[in-house]
> 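Got a structure for you, questions after.
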Amino acid sequence: MKKEAVLHVPLSQFAYAYDERTIVLRLRAAKGDLKSCKVFYGDRVDPRPQIETFEKEMVCAAKDDLYDYFETVIHDRYSRLCYYFLLWDGKQEQYYYERDFSRDIPENRTEFFQFPYIRREDMFHIPSWAKDMVMYHIFPDSFATGYRTMGKQPNEQKIEIKNGEKAISGNRLGGTLSGIKANLDYLQQLGINCIYVNPVFAANSYHKYDTIDYFSIDPCLGTKKEAKELVEDCHARGIRVLFDGVFNHCGPDFFAFRDVLAHGEKSEYLDWFYGMQAPVDYKDPPNYEAFAYVKEMPKLNTGNPKVEQYLIKVGVYWIQEIGIDGWRLDVANEINHDFWRHFRAAVRAVKKDALLIGEIWEDAQCWLLGDQFDSTMNYRFSYLCTDFFAKRTMCAREFDEQMTKMIYRYPQQVSEIQMNFLDSHDIPRFLSYCGGDRRKLRLACFYLIMGYGIPSVFYGDECYLDGKTEIQYRQEMRWDTSDTFAGDLKEWISFRKTHEALKNGRYRGIWMEDGGFYAFLRENKEEKVLVIINNSDEPYVCDDGFWCETEQKICGFVLDKVKQLPAMQGKPFIIKNR
């Protein structure tokens, strides 16, 4: 038995409450090592000297490149548990509990693994609408100036800061909030039910990540009235709206930073900034903390109670003022955890089902414990799709193993609503990674819609936008072309929205071959959706070799329905549970 690979961590993705009477337990073991795994559990405060334990067989629910993941669901009357595992590798049995491995289980229940109490306050409270989301990500300067148009010339606008002081705001392509509103019918027809809009607050640059005024809409993008009309029209169409919150840093014309530049150490706002020194050396690189050493983006000190109060007020204001449905939060991993806990509590106090998505590129376990974010931007999904679909440096089996590893790093509720995407405003367009091969982009987008988590489409991907540099991948939307796969995208989204298994079903790879042929299952209690992908340049012909790979029932269904799958195509099938 490979004991060094065995892992269980209480109160983590290996042991979590799904609801107030349901606990999910997972155990990791070396791939192929264990023949069986059982869990024995009981009431950790049973008044009897010897507690009564109940036995449950765990199933091998998933595999990645290194490990098997055993899992079971305990739905019982107990609100607090103690438990231990019995492992068998075909040669020997070992008990596994809090302290160690043993051939005998100790009599002292306090040495078992513990789930102290299922507290409803500590559970994951995910907005119910989030699982149904199909998101469309909009970079406002680049999207639209009017109905199916994008042609306004760049301009500059003056913004009053205070006491007659002015700052300059600029744009590049001229997109506006009214332009987004004018094209909501296009998004509605696609089946989009949530839009994430990059920053819209008054700022110096076209990208709006250097905020001047958090309580004003940037005049190059529109007005507060137009922002409210956009949200109201979205809601009338069943579309939720997420704004981009840039709270890690501000811009050079933010009132507090201008005061620091003017008064140095005498400024009352010196401590509004993290690591600020006086005198301020406003040059590249600056002598103060800033986003990525950019002098125009000084880092805010969110550990200062006054700054925290100010920014939380911003978070609440736009929900109350124009009714947005949540926030995507920029550079979330460089802000202190207590700030996000307080931010979440304040936002949820005014809108119980507000959604919070953090921009965190790496694994984000410590931000996804139910007290900070509901979801994060899942860059790992993008990387895996790039390797499998675009570059083909990863075979189908490796892709499945890595997707499984990605999914099992978080509790089920959290993985279900990770924000998945192929590209964004911060990375090259997926089509560029594909070397311009549109078939690869379409197939990857098909997988995005059918796969696990929240699918997010970056504006214009359906129109084959490409680009490797910032200016290129933030290019204007192509409204003047019929050369799109919007019709296919609409069909895939409709299929997803009409099958619950694609929104809340578990994910399991069942068939994968080196040539790029991949089949995975999405399943819940009501139905199974089998999704088959041929990520190769040659048609794939099904044969009896498929039978040895997976379930007999599913194999028979597929062989009956599918004789050949064309190159670079995917297809979903419904298998009703009996």
> Which class fits the ring pair Y96 and F101: parallel under 30°, tilted 30 to 60°, perpendicular over 60°?
parallel
> Looking only at heavy atoms, which two atoms of P298 and M276 are closest? And how far apart?
CB-CE, 4.5 Å
> Tell me whether the centres of the aromatic rings in W340 and F373 are closer together than 6.0 Å.
yes
> Ring centroids only, cut at 6.0 angstrom: are F389 and Y447 within range, meaning strictly under it?
yes
> Step through it carefully: locate the ring centre of H8, locate the ring centre of F85, and say whether they are under 6.0 Å apart.
yes
> So, for A29 and F70, which heavy atoms are closest and what is the spacing to 0.1 Å?
CB-CE1, 4.2 Å
> Step through it carefully: locate the ring centre of F247, locate the ring centre of F343, and say whether they are under 6.0 Å apart.
yes
> Check for me whether the distance between the ring centres of F421 and F430 falls short of 6.0 Å.
no
> Give me the atom names and distance for the closest heavy-atom approach of R348 to A354.
NE-O, 2.9 Å
> Check whether F14 forms a cation-pi arrangement with R26 (NZ or CZ under 6.0 Å from the six-membered ring centre, at most 45° off the ring normal).
no
> Does the pair D371/R344 count as a salt bridge with the N-to-O cut at 4.0 Å?
no
> Determine whether the aromatic ring centres of residues Y83 and Y41 are separated by less than 6.0 angstrom.
no
> Would you say N333 and E362 make side-chain contact, with heavy atoms under 4.5 Å?
yes
> For residues Y136 and E462, is any side-chain donor paired with an opposing acceptor at under 3.5 Å?
yes
> How far apart are the closest heavy atoms of I471 and Y206, and which atoms are they?
CD1-OH, 4.0 Å
> Looking only at the side chains, is there a donor atom on one of S456 and H137 sitting less than 3.5 Å from an acceptor on the other?
no
> Out of L300, V331, V294, which residue meets the side-chain contact (heavy atoms from CB on, under 4.5 Å) rule with H249?
V331
> Just by distance, no angles: are the side chains of N198 and Y196 close enough, under 3.5 Å, to form a donor-acceptor pair?
yes
> side-chain contact (heavy atoms from CB on, under 4.5 Å) with E121: which residues, sequence neighbours excluded?
R119
> Have a look at Y84 and tell me which of Y97, F113, F112 forms a ring-ring contact (aromatic ring centres under 6.0 Å, His included) with it.
F112
> Ignoring hydrogens, what is the shortest heavy-atom contact between P411 and F124? Give both atom names and the distance.
CG-CZ, 3.7 Å
> Between K38 and M58, is there a side-chain heavy-atom distance shorter than 4.5 Å?
no
> Can the ring centroids of W272 and Y310 be said to lie less than 6.0 angstrom from one another?
yes
> Is any NZ, NE, NH1 or NH2 atom of the basic residue among K405 and E401 found under 4.0 Å from an Asp or Glu carboxylate oxygen of the other?
no
> Starting from the C-alpha separation in whole Å, work towards a yes-or-no answer on side chain to side chain donor-acceptor pair (under 3.5 Å) for S415 and Y408.
CA-CA 8 Å; S415 285; Y408 271 73; over 6 Å; no
> Between the side chains of D64 and T404, does any donor sit under 3.5 Å from an acceptor?
no
> Would you please indicate yes or no on a ring centroid separation below 6.0 angstrom for W318 and F201?
yes
> Measuring from atom CD of Q418 to atom CD1 of I407, what distance do you get when rounded to the nearest 0.5 angstrom?
10.5 Å
